[in-house]
Amino acid sequence: MINLGRHEKVMEIALRRGFLWPSYEIYGGSSGFYDYGPLGAALRKNILDIWREFYCVREGFFEISSPTIGPEEVYIASGHVKSFVDPTVECKKCGEVYRADHLVREVLGMETDGLTTDELNRHIEGIKCQKCGGGFGEVWTYNLMFRTHIGPGEKKVGYLRPETAQGMFILFNRLYGFYRKKLPFGVAQIGRAYRNEISPRQGVIRLREFTQAELEIFVSPGEKTHKDFGKVSGDSLRLVPRDGSEIEISAGEAVSRDIIAHELLSYHLILTKNFLECVGIPREKIRFRQHLKTEMAHYAADCWDAEVCTDRFGWVEVVGIADRTDYDLKAHESQSGVELKSFTPFDSPKFYRKKIVVPDMAKIGPDFKGRAGQIVERLKGLGEDEIAAFDEEGYIEFDGIRLDRNYVSIKEVEEKVTGEKITPHVIEPSFGIDRIIYCLLEAAYNERDGRNVLSFKPRVAPIQVGVFPLVAKDELTAVARKIYSKLRGEGYYTVYDESDSIGRRYSRIDEIGVPFAVTVDFDTLKDDTVTVRERDSTNQTRVKIGELKDKLTIGKMFP
RNA sequence: GCGGCCAUGGUCUAGCGGUAGGACUCAAGCUUCCCAAGCUUGCUGCCCGGGUUCGAUCCCCGGUGGCCGCACCA
């Protein structure tokens, strides 16, 4: 299953030709960080352009950009301060490190969710190391967020965001207004996120700073549908549901058979699959795996990962598509005290008859003096049943006070309700761009006659055209340089090369995935034609210089 | 975070207690009428810090980074 050769060759090309460089090399490096070189940055740009085309243009989700550092409250609300930690314990004798909660759960057979460090410590006192029988040290928690301080001094704690999502939840009211107070709406953010991983390895698969492209789609809880679902419901998905089976099933059927929770999730699985294929991940290397209940994030109700099959790492999670329900909005609402709700008007207002209690302050005030305020507060909070009982019995008792009916008037009024406030649910497709780039590099890699070829689609290739004089003679280079300039003027990412043999030059650009080579030869001088060589087939066709643009098709955005 | 292995030009590697050689790449030139041809010339290197030593790229310690295993993985 593991094929070291392929991975190593891809990474070697990535390093040597300027796709990916380990960061801070001149200072000895720092693991978990990678620089994108010129070709890597261009590749990423092209992938992000396609992503924007899919989501911002086609789905109409506008992109925002929020800060990467947030005050502590944000991540207290989101649950990251508390939950984004691993309680860890180490054997004092043999140094074996355990997840403290897993250890307690396994040895004592108890549920460990929500236990504090102190509680875990108490449980662990009686446990011996399973390897050597030694005793354990203190439980310590490791929070994976980078912590910092905002402003001078250490009073104001901040964190580097572990996901771009929170920035979008926090803007809910602004965004809701921007979208003119209608559900559903979606918002996109592309940006860096930070996780201080214990042991980042596997190249660009697990980074401490990485690029996410995330969408938050706010919907009514009861309307997890998509107007275009009909167009994709026949498309097939390769699914690995919770039961561990692997099935090929249409998007529509997956919903009707309750494998995928709802249409909207299913729609986004299809969209994700189309996106991955569009950037160049082969269909047969894509599948969607449903999270087990136990591995689901603290906020998720249902979650499917898009996984790509790699030679080196097996199935790699590249996109998470989660139904976060109302977890985040409710959490920020309660932390901030600001209401984060949408308002849905009814078709026509509804009228309710209900009884209300109106306190007679002229009586309550003098008789109860200092406690009057408290009484009024209690009366405001009475439920309908309590009011009815008050009305019937003629008195009410609370907080040791007996309040007679003649301190209030109880009236029946008609209340007009024009709609309802709800906390929207959130569907979140979250793309790990760096992982997608690795998968793409691996998928694009081929060998031909012992030489390296990266078969990028023209649309994602960092450089689209190479322009070469067949040999470096002045009469040919002059024409080639003109074409080089002309193509750049038309918007192609183009390189010019006149050194070495023509074969070597073709080979050089094959290795960085340039799809087209335009070669100027001696016939060009007679009839204004050049050859266009296609990277994957190496086929050449002669075309008029003026018709180059028709031949160098970078490809339609959508297949 | 723990354990094992490792660290030499851009890449891959040889070698040694007296500061290094090769292959490929890259650059310049010659050559070259379509798939890494050939010739000449050239640039670039012992991961970092400390110790031992007259002298350390080499030995020792620590760090950093890489790979593997454990653990972890929203």
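Letters A, B, ... are given to chains in the order of the sequence lines, protein chains preceding strands, and every chain is numbered from 1.
A/Leu476 comes within 4.0 angstrom of nothing in the nucleic acid, heavy atoms only.
Nucleotides B/rC58 and B/rC2 are separated by 29 Å at their C1' atoms, to the nearest Å. With both ends at atom P, the span from B/rG51 to B/rG10 equals 28 Å, rounded to whole Å. Here the separation of B/rC5 from B/rG38, taken at their P atoms, is 42 Å to the nearest Å. As rounded to the nearest Å, B/rC67 and B/rC54 have C1' atoms that lie 39 Å from one another. For the C1' atoms, the distance from B/rG17 to B/rG22 is 23 Å, rounded to whole Å. The separation of B/rC59 from B/rG18, taken at their P atoms, amounts to 12 Å, rounded to a whole angstrom.
One can place CZ of A/Arg206 at 13 Å from P of B/rG66, the figure rounded to the nearest angstrom. One can place CZ of A/Arg208 at 18 Å from P of B/rC72, the figure rounded to the nearest angstrom. Rounded to an integer number of Å, the gap from A/Glu8 CD to B/rC6 C1' is 14 Å. Taking atom CD of residue A/Glu163 and atom C1' of nucleotide B/rC73, one finds them 15 Å apart after rounding to whole Å. Put simply, CD on A/Glu25 is 18 Å from P on B/rA7, counting in whole angstrom units. The separation between A/Ile26 atom CD1 and B/rG10 atom P is 13 Å, rounded to whole Å. Atom-to-atom, CD of A/Gln202 to P of B/rG65 comes out at 16 Å; the value is rounded to the nearest Å. In this structure, A/His7 atom NE2 and B/rG66 atom P are separated by 12 Å, rounded to whole Å.
Two residues are said to be in side-chain contact when any heavy atoms from C-beta on lie closer than 4.5 Å; A/Glu216 and A/Asp328 fail this criterion. Side-chain contact between A/Arg287 and A/Val240: present, with at least one pair of heavy atoms (C-beta onward) separated by less than 4.5 Å. Counting only heavy atoms from C-beta outward, the side chains of A/Tyr159 and A/Thr148 never approach each other to under 4.5 Å. Inter-residue side-chain proximity for A/Ile437 and A/Arg44 is flagged as met; some heavy-atom pair is nearer than 4.5 Å.
There is no side-chain donor-acceptor pair under 3.5 Å between A/Arg533 and A/Asn539. In summary, the side chains of A/Tyr34 and A/Asp434 do not present any donor paired with an acceptor at a separation below 3.5 Å, with no hydrogens or angles considered.
Nearest approach of A/Trp304 to A/Pro241, heavy atoms of both residues: CH2-CA, 4.0 Å. Smallest separation of non-hydrogen atoms from A/Pro38 and A/Trp21: CD-CH2, 3.5 Å.
Taking the six-membered ring for Trp and thresholds of 30 and 60 degrees, A/Phe54 and A/Phe275 have ring planes more than 60 degrees apart, a perpendicular arrangement.
Stem regions annotated for RNA chain B: B:1-7 with B:64-70, B:10-13 with B:21-24, B:26-30 with B:38-42, B:47-51 with B:59-63, counting only runs of 3 or more consecutive pairs of Watson-Crick or G-U type with both contacts under 3.5 Å.
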Letter by letter from the 5' end, nucleotides 28-37 of chain B scores (B base, S sugar-phosphate only, - none; protein heavy atoms under 4.0 Å) ----BBBBBS
